[in-house]
Trainee: 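Encoded as structure tokens, here's the structure I'll be asking about.
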Amino acid sequence: MSDAFGIVGGDLRQLHLAQSIAEDGCPVYTACLENAAGSFGLPRLGLGELAGKCEVVVLPLPASRDGRYLNTPLSDQDIWLDDGFARLFAGKRVFGGMLGKLKGSSALWQQARCQDYYDREELVTGNAYLTAEAAVGLAIQEYPGTLLGSHCLVTGFGRIGKALCAMLRGMGAQVSCAARKSKDLTSIRASGCIPVAYQELSGPYDLIFNTVPARVLEAGTLARQTRDTLIFELASAPGGIDREAAGRLGIRVVWAQSLPGKMSPQASGELIKEAIYHMMEEG
């Protein structure tokens, strides 16, 4: 593989991704990563120059959070998503994560060969395990007690929820998991955890991990917790917690979205690279 790669924007995942691709022997150029703690010796270019040199362009995960600007937390540049930005990459092979908002910003994205690496099962599943691992590490750091013997609730039995249940059980926690589907409740029981329907949530729990991006922890459930209950919000916006009720009740909520980019950027960058390579091999 000898294509020149342009890595544009994103967090430390993108920097480790760029370094890993360079170690594979490919030319790599970066843009909008100038405030990263280390550049790894990778050349930095302006967007126009990068687009001229690179046939393959990798955008962040997510490519945009608001549909107006590129996701560039490690840059002082605000990259407006307009026709001018899209025109830079016409005819290029463009990879990015959660591309819906980006592609909706300009009809000119139809002139690029865009593929969403976050549609890849190997990346989504790997990312779920990294998220669960980071959440457990954060719980050890933030919770004054011990996970051994603690009463934990996981809301949602998707990829992250399944990984969390297994890890918490492995550390000796008593784990309940809330889900809507009867088949998931059966799977939760089979995994050695306690299945709970959302309408039956009670408590109190020592720690609660929410993985559902829709309101599932309402004021009534929160009122049955104690002031020592610690809640971790892992889901993307809008999250699943009644923030106002939690604040009124004095329950501490740790906002812990996008954990792989913060706590395991190297491993996450490798997962993104593997997904991109697989897509390129598949044509």
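Residue numbers count from 1 along this sequence. Values below: every heavy atom of this structure, side chains too, minus hydrogens, waters and symmetry copies. Here the structure is a predicted model, which means the values were calculated and not measured.
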Trainee: Are Leu99 and Tyr118 side-chain neighbours, meaning at least one heavy-atom pair lies under 4.5 Å?
Mentor: no
Trainee: Does NZ or CZ of Arg243 fall inside the cone over Trp255's six-membered ring, less than 6.0 Å from its centre and within 45° of the axis?
Mentor: yes
Trainee: Going by side chain to side chain contact (heavy atoms under 4.5 Å, CB included), Thr72 matches just one of Leu33, Val8, Ile79, Asp11. Which one?
Mentor: Ile79
Trainee: Answer whether the closest heavy-atom distance between the side chains of Asp206 and Tyr143 falls below 4.5 Å.
Mentor: yes
Trainee: Show your reasoning for whether salt bridge (charged side-chain N to carboxylate O under 4.0 Å, His left out) applies to Asp24 and Lys273.
Mentor: CA-CA 11 Å; Asp24 290 339; Lys273 186 189 79 168; 2.9 Å; yes
Trainee: Among Ile241, Thr229, Leu201, which residue meets the side chain to side chain contact (heavy atoms under 4.5 Å, CB included) test with Ile208?
Mentor: Thr229
Trainee: What I want to check is whether the side chains of Lys101 and Ser64 have a donor and an acceptor closer together than 3.5 Å.
Mentor: no
Trainee: So do Leu217 and Val212 actually touch side chain to side chain, heavy atoms under 4.5 Å?
Mentor: no
Trainee: Ignoring hydrogens and geometry beyond distance, is a side-chain donor-acceptor pair present between Ser20 and Glu270 at under 3.5 Å?
Mentor: yes
Trainee: Under 30°, 30 to 60°, or over 60°: which ring-plane class applies to Phe232 and Phe209, parallel, tilted or perpendicular?
Mentor: parallel
Trainee: Take Arg93 and Gln115 through the side-chain hydrogen bond (donor to acceptor under 3.5 Å, both in side chains) test and state the conclusion after the steps.
Mentor: CA-CA 8 Å; Arg93 191 156 192 185; Gln115 288 182 272; 2.8 Å; yes
Trainee: Would you say that Phe5 contacts Val57 through its side chain, given a criterion of any heavy-atom pair below 4.5 Å between the two side chains?
Mentor: no
Trainee: Please determine, by modelled atom types, if Gln266 and Arg13 share a side-chain donor-acceptor pair under 3.5 angstrom.
Mentor: no
Trainee: Is the distance between the ring centroids of Tyr69 and Trp80 less than 6.0 Å?
Mentor: yes
Trainee: Could you check whether any side-chain heavy atom of Met171 comes within less than 4.5 Å of a side-chain heavy atom of Thr146, counting everything from C-beta outward?
Mentor: no
Trainee: Using a strict 4.0 Å threshold on nitrogen-to-oxygen distance, state whether Glu55 and Lys92 make a salt bridge.
Mentor: yes
Trainee: Has Arg180 got its NZ or CZ under 6.0 Å from the middle of the six-membered ring of Tyr198, at an angle within 45 degrees of the ring axis?
Mentor: yes
Trainee: Decide yes or no for Leu234 and Leu164: does some side-chain heavy atom of the first lie under 4.5 Å from some side-chain heavy atom of the second?
Mentor: yes
